[in-house]
Structures are given as C-alpha cells and as structure tokens.
Amino acid sequence: MTRHPRARLDDVIHAPVRFSIVAALAAVQQADFKAVRDAVEITDSALSKQVATLEKAGYVDVGKTWAGRRPRTVLRLTSGGRAAFEQHVAALREIAEGAVPMVGDGTDP
C-alpha cells in the first residue's frame, strides 16, 4: 500500500510561521534576522522562538556578524533544512494536485 503524501510532511516545518520562515530562507543564501522578521510579519520574540525550534531540528544556522558597531544576526538554511523544505513542498503539491489514487471515486454503479 502506498502511503499518503501527508506522511512525508515535516511536523517541524508544517507550522505556518515556521513554514513561512523556511520558505523565506529557501529563496536566499542567508538573511538578516530583521529582514526575515519583516518578510514573515512577526515580532522579534516570535521569530526568535521559531528559529530556535528550527535550529534545534538542524534546519537553520544562526550566525552573528557585525555591521559597523552593531551586532547582526544572520539566518541560513542548512543543507538538511533545504532538503526537508523541498520534500515538504513536494508532498504538499502531491496532496493539492490530488495525486493520491482514489478507490470508489463515485463512477461505479
């Protein structure tokens, strides 16, 4: 029996805010914390909490740099995070496209 694509959804990425964060990071090599916060439209504390979850899962690397005298937090997807995101999106597409074979589709008499 073929497993439904939902079995391939990643519970860490699936939460809407985390999905938005990972999607934003998937589009770039790295991003400033503030840029991600603004793109996802959440507070610093909410982003910090969600990034901690993604970092613990090994999906996001958090780095510190300096811009002049100011510290800057930089976020980037790890290779594992990028692969997990791609697999998650592929499973979502399969679900959305109805790629799951159906039994008793209503055409039987």
*Check whether any side-chain heavy atom of Arg18 sits under 4.5 Å from a side-chain heavy atom of Val12, and report yes or no.*
yes

*asked:* Starting from Ile21, can I reach Phe33 by hopping between I/L/V/M/F/W/Y residues whose side chains sit under 4.5 Å apart?
replied: yes

_By the definition side chain to side chain contact (heavy atoms under 4.5 Å, CB included), identify the one residue from Ile13, Val51, Thr53, Leu25 that meets it with Tyr59._
Ile13

*Measure the spacing between CG of Asp32 and CZ of Arg72 and express it to the nearest 0.5 Å.*
4.5 Å

*Which value, rounded to the nearest 0.5 Å, describes the distance between Glu94 atom CD and Arg8 atom CZ?*
4.0 Å

*Is there a donor-acceptor contact under 3.5 Å from the side chain of His88 to the main chain of Leu9?*
no

*Should Leu54 and Val74 be counted in the same cluster of Ile, Leu, Val, Met, Phe, Trp and Tyr side chains packed under 4.5 Å apart?*
no

*Step by step, work out the side-chain contact (heavy atoms from CB on, under 4.5 Å) result for Arg37 and Thr43.*
CA-CA 7 Å; Arg37 177 201 63 201; Thr43 64; over 6 Å; no

*Val62, Leu47: one ILVMFWY side-chain cluster at the under-4.5 Å cut-off?*
yes

*Taking Thr78 for the side chain and Gly58 for the main chain, is one N or O donor matched with an acceptor at less than 3.5 Å?*
yes

*Verify the ring-centre separation between Phe19 and Phe85: is it less than 6.0 angstrom?*
yes

*Is there a donor-acceptor pair closer than 3.5 Å between any side-chain N or O of Arg82 and the backbone N or O of Ala26?*
yes

_Candidate pair Arg6 and Ile95, rule side-chain contact (heavy atoms from CB on, under 4.5 Å), full reasoning_ = CA-CA 7 Å; Arg6 79 173 167 275; Ile95 293 166; 4.0 Å; yes

_Evaluation steps, side-chain contact (heavy atoms from CB on, under 4.5 Å), between Gln30 and Leu75_ = CA-CA 6 Å; Gln30 67 179 24; Leu75 308 173; over 6 Å; no

